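Chain letters run A, B, ... following the sequence lines, proteins first and then strands; every chain starts at 1. Because the structure is predicted, anything quoted here is derived from the model rather than measured.
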Protein chains: 2
Amino acid sequence: MARRRATLKEVAERAGVSIATVSNVFSGRKPVNDDLRERVEKAARELSFQIDRAASQLKSGKARVVGVLVPDLDDTFFTSLISRIEVMALKDGYDVIVASSRDDRQLEESRLHTLLGWRPSGIIAVPCSDTVPDILVREVVHLPTVLVDRVIAQEAVADTVTIDNFEAGEIAGRYLVEMGHSDIVLAASDLDVAPIRERVRGAVSIVQKLTGKEPEAVALGSNAERGAELFAHWLERHPLPSAVFALTNVTTLAVLTALARQKIDIPDQISIIGFDDYTWMSARKTALTAIRQPVDDIARVAWERLLLRMEGDVSEPTPSILHTSLQVRDSTRRLVQPADGETAQGTGEPPAGNAAEERPNSIH
Amino acid sequence: MARRRATLKEVAERAGVSIATVSNVFSGRKPVNDDLRERVEKAARELSFQIDRAASQLKSGKARVVGVLVPDLDDTFFTSLISRIEVMALKDGYDVIVASSRDDRQLEESRLHTLLGWRPSGIIAVPCSDTVPDILVREVVHLPTVLVDRVIAQEAVADTVTIDNFEAGEIAGRYLVEMGHSDIVLAASDLDVAPIRERVRGAVSIVQKLTGKEPEAVALGSNAERGAELFAHWLERHPLPSAVFALTNVTTLAVLTALARQKIDIPDQISIIGFDDYTWMSARKTALTAIRQPVDDIARVAWERLLLRMEGDVSEPTPSILHTSLQVRDSTRRLVQPADGETAQGTGEPPAGNAAEERPNSIH
DNA sequence: GAAAACCTGTTAAACGTTTCACAGTTAAAC
DNA sequence: GTTTAACTGTGAAACGTTTAACAGGTTTTC
C-alpha cells in the first residue's frame, strides 16, 4: 500500500539540482545559494521528504543517538533522569533510545547488546547491580559511556555520576539522633547493591558513634507492594522502632504503606525519613522529611560528561560525586526523653526544626 | 582511537565463507549447515560482531522500531505506559524510541518529524492536544499508528485507545452525590483537552441531574506545583467546597498539596476523589479514593492494535474504549446532613462505604 | 536412470545517504 | 590583466547490509 517515502534523488530531480546539493541543504555542511536552497526546500516540502537516518548513519558513521539503560521504567527516579536527559539530548541534536533491564542481569546484557546495534554515539547506563556488565566493560574503550547511580565510583572503568551515599546515610542518621532517636530501622531495598550498602554504612556508623546503638537494616526489595508486606511482617515480630530511614523511594513507599495499613501515626508513633523528593511526599498532611537527591544535577552532569566524551575527550575516567541534602518537613518528631549525654548535639546544622518544631508534641 | 567495529565481511573472511552465509546465520532467513554455522558464530564471537542496524534497515527497509511519543516524561501515567509498551515490544522483537512533546504543539510536530526519520514500523502517540498533529494525519496512510489517551475516538483517523472519560466523570460524580455531596469542585488540568472536557461533562451532568447543582471546574494546568498555587489561590476566594474531584494525577497532587499547606483535613473538612491509581495514593493515613485507569490494559490494547497493523492489517480504524473504576478508600466522607429528596439513591452500585464507613464522622 | 525438485552456498546489485575530488565562476590581490 | 583565492555546485564512490538470481550437489520421482 501507499507510495514509498521520497528520497534525496527525487527531491533533487524535482528541484533540478544534484543530490549532493540537496544533501548540503539538509546537512548544512556546505553553503548553498539562496534561490537554489529555496527550490530544494520547496521540493522537499511538496514530497514531504525527510532524511533517512539509516542511510545517513550508515554512510557517515555518525549516529546522533544515545542509548539510555535503566533498571526500571516504573521508578520515578529513573524516569526523571530520562526526562531530563531527553531534554538535553534534544538540545544538542541527539535522540534517545530507552531500554529497561528490569533489574535482571541477563536482560541487561541483552538490552545493552541491542542498544549497541544502533551504533549509538554514547551510552548512559544505570547498571542493575554494582558489577558493570561485561559487554560494557569491553565497549567502554570504543564507546563513550557514563555510568550512573548504582556504581562503585572508585572501581569504575568509565565516567561515573553518583551521589555520596555514605554521606546521605550519615545526614539522615545524624538528624535522627539529633532529634532524639536511637532506635532506628533502615528500610533498604537490596543489600547487594553498593549504593544501598553505603547508605546503610553511613547511617549505621554515625548512629553507632553518637548513640552506641546499631540500627537494623531490613531488605524490602524494589517493589513497593511486596516491600509493604515484608515490612508489615517485620513490624509484627519486632517492637515498634522510634524512627525509620527509608533508603530508596520505593522502600519509602513500602514503609508508608505498611504503616498506613496498621494505622500507625507519623510522626507521633514513629518518625520517618524518606528518600528522593517527589511531589507526593509534600502533598500530605504530614509532609515527608526526606533525603533529596539532586536529580537535575545528576542528569546534567551525566549528559555533560557524555557529550564531552562524544566530542572526543579521551582523558581518564572521572567520577562525579554529588551531594544529597535533607529536606526537613513534618514526618520526624523530636523525642522528648532526655538525650543520653552530649551526643545529640553532634556536628552539622542545628536540628532545624522549622516545621518539625511547630507541631505539638502531644502523643494521642 | 580504537578499532572500528567488525563487519559482515570480516566475519565472513575469518570463517572462510561468503558474507551472504554470515547474513543468513544472523537473519535466519535461509538455513545454514551446522558446522558452517558454528564456524561463523565462533568468528563473530571472536570479533564481537553485531549486525549494524543502520545498514540492515537501509537495505531491507524493515526497521523493527516503534516510536512512542508522550506529552510528559515526568508524568507517571505516561511512563507506566511506556514501561509496559517497552516490555511487550521487546517480546515481539521491537525496539522503542521515546520522545516527549512537553505539552508543546510545535515541539510535538518536530519530535514526530525526527521520529519518522527512523522509518519506524509504527508509532504510538499520546498527542498533547486533541487535534491530531498534521504530520501524523499525513503519515497515517503509510504508517501504522495508534493514538492513545488524549484523542476524540470518534473523529480519529487512526486506531485509538482511550478510556470512557464521560463515564469516569459520572462514576466519580455519582459516588460523591451518593455520599451526600453536592458542593463539588472539579480540579481540571486544561479544559482545552478533550478527555478532560469529557470528564467534566460526565461529572457535571450526573451531579446536576441528581442534585440540581452544577459543579465548578477549575483549570490547574499540568504542573503540580503551579497547580497547587492556583488551587490555593482559588481556595482563598471561594468558600470551602465539600468535595473535590481531581481529573488527572497531576491535579490530584496539586489539590492535595494545596490542602496540606493550608492544613485542611481530608476527609473531615473536605472529601477528595483523585485520578489514576499509584502506590503513593494508598501510602497515606487517609488513603485516597480514586478513579483507576487500567494502564496495563491501555498499553496492551495499544500494542496489540499496533502489532496487527504492522503485520499488515488494513481494516478501518478501530476505537478501543476502556473503562475506569472507582477505587474506594478513605478520602471521601459521607455527609450526615439530610439528603435533598430522593436524589442520593441514584443508580449504580451502593455507596460501598467499606473504609469510608468505618471512620468516625466527627468534625473537629 | 534421466528429469525434476530440493538443499545449501555464492555472486553481485542494490538501499539512500555523505563526502571527496573536481569543475566552473566570480572576487581579490598584485 | 593575469594569477590566486574563494565560492558553489556536481559526479561518483563508498558505507554494511539484504536478497534475487544462480550454481553445484544431492535426493526424490517416475
Side-chain angles (χ1 to χ4, degrees), chain A residues 3-41 43-44 47-65 93 95 114 116-121 142, chain B residues 3-41 43-44 47-65 93 95 114 116-121 142:
Chain A
R3 217 175 37 66
R4 256 185 35 271
R5 294 199 66 90
T7 70
L8 262 194
K9 198 165 148 201
E10 292 169 297
V11 176
E13 272 163 20
R14 182 176 259 260
V17 297
S18 74
I19 59 167
T21 302
V22 183
S23 175
N24 284 332
V25 168
F26 279 89
S27 68
R29 83 180 285 289
K30 261 187 157 189
V32 174
N33 201 10
D34 276 351
D35 51 332
L36 265 201
R37 144 171 279 119
E38 267 169 38
R39 289 227 309 277
V40 169
E41 277 166 356
L47 297 170
S48 68
F49 165 78
Q50 218 227 347
I51 288 283
D52 183 318
R53 296 191 74 122
S56 161
Q57 170 171 340
L58 171 58
K59 183 56 194 147
S60 71
K62 284 163 201 138
R64 299 247 122 196
V65 202
D95 264 326
T114 19
L116 292 179
W118 290 99
R119 305 286 185 267
S121 325
H142 316 278
Chain B
R3 217 174 34 68
R4 252 184 41 269
R5 294 198 67 88
T7 71
L8 264 194
K9 199 166 146 201
E10 292 169 302
V11 176
E13 271 165 18
R14 181 177 262 258
V17 297
S18 73
I19 59 167
T21 302
V22 183
S23 175
N24 285 333
V25 169
F26 279 89
S27 68
R29 80 181 287 287
K30 263 187 159 190
V32 174
N33 201 8
D34 275 352
D35 51 333
L36 266 201
R37 143 170 283 118
E38 266 169 39
R39 288 228 309 274
V40 169
E41 276 166 356
L47 297 169
S48 67
F49 165 78
Q50 218 227 344
I51 288 283
D52 183 319
R53 294 190 76 121
S56 160
Q57 170 171 341
L58 171 59
K59 182 59 193 141
S60 72
K62 285 165 202 135
R64 298 249 124 194
V65 203
D95 264 327
T114 17
L116 292 179
W118 290 102
R119 303 288 184 268
S121 324
H142 317 278

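- Among the heavy atoms of the strands lying under 4.0 Å from A:L36 are primed sugar atoms or P, OP1, OP2 only; no base atom is included.
- For A:N33 (side chain) and A:L36 (main-chain N/O), no donor-acceptor pair under 3.5 Å exists by modelled atom type.
- Taking atom CH2 of residue B:W118 and atom P of nucleotide C:dT17, one finds them 15 Å apart after rounding to whole Å.
- Computed from coordinates, the B:F26 CZ to C:dG9 C1' distance equals 17 Å when rounded to whole Å.
- Of the inter-residue distances, the one linking A:F49 atom CZ with A:T7 atom OG1 reads 7.0 Å to the nearest 0.5 angstrom.
- Per the geometry, CD belonging to A:E38 stands 13 Å off P belonging to D:dG9, to the nearest Å.
- Heavy-atom distances under 4.0 Å link DNA chain C to B:L58, B:K59 of residues 49-62 of chain B, given in residue order.
- Nearest to the side-chain atoms of B:T7 among the listed nucleotides D:dT19, D:dA12, D:dT17 stands D:dT17.
- One finds the CG atom of B:L116 at 11.5 Å from the CG atom of A:D52 (value rounded to the nearest 0.5 Å).
- Using a 4.0 Å cut-off, some side-chain N or O of A:S23 falls inside it from OP1 or OP2 of C:dT18.
- The nucleotide whose nearest atom lies closest to any side-chain atom of B:K30 is, among C:dG9, C:dT19, C:dT17, C:dG9.
- The nearest whole Å value for the distance from the CG atom in A:L8 to the C1' atom in D:dA12 is 14 Å.
- The structure places CD of A:E41 at 7.0 Å from CZ of A:F26, a figure rounded to the nearest 0.5 Å.
- To the nearest angstrom, C1' of D:dT18 lies 16 Å from NZ of B:K9.
- A distance of 6.0 Å separates NE2 in A:H142 from OG in B:S48, rounded to the nearest 0.5 Å.
- The CD atom of A:E10 sits 11 Å away from the C1' atom of C:dG16 (whole-angstrom rounding).
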* To do: Apply the test side-chain contact (heavy atoms from CB on, under 4.5 Å) to residues B:R119 and A:Q50: give CA-CA distance (whole Å), side-chain angles for both, the deciding distance (0.1 Å), then the verdict.
  => CA-CA 10 Å; B:R119 303 288 184 268; A:Q50 218 227 347; 4.1 Å; yes

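- B:V32 has its side chain out of reach of B:V40: every pair of non-hydrogen atoms, C-beta onward, lies at least 4.5 Å apart.
- Rounded to 10 degrees, the angle separating the terminal axes of the helix from C:dG1-D:dC30 to C:dC30-D:dG1 is 30°, with each axis obtained from five end pairs.
- For C:dG9, the OP1/OP2 oxygens have a side-chain nitrogen or oxygen of B:N33 closer than 4.0 Å.
- Comparing A:D35 and A:I19 by the nucleotide of DNA chain D whose heavy atom lies nearest to each, the residue mapping closer to the 5' end is A:D35.
- Protein atom CG of A:D34 is 9 Å distant from nucleotide atom P of D:dG9, rounded to whole Å.
- Not one N or O on the side chain of B:Q57 forms a donor-acceptor pair closer than 3.5 Å with the backbone of A:R53.
- Listed pair B:R29 / D:dT17 fails the phosphate criterion, with no side-chain N or O lying under 4.0 Å from OP1 or OP2.
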Applying side-chain contact (heavy atoms from CB on, under 4.5 Å) to A:R39 and A:V17, what does each step give before you reach the verdict?
CA-CA 9 Å; A:R39 289 227 309 277; A:V17 297; 4.0 Å; yes

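- For the pair B:E13 CD and D:dG16 C1', the computed distance is 13 Å after rounding to whole Å.
- B:E13 is linked by a side-chain contact (heavy atoms from CB on, under 4.5 Å) to B:K9, counting only residues two or more places apart in sequence or in another chain.
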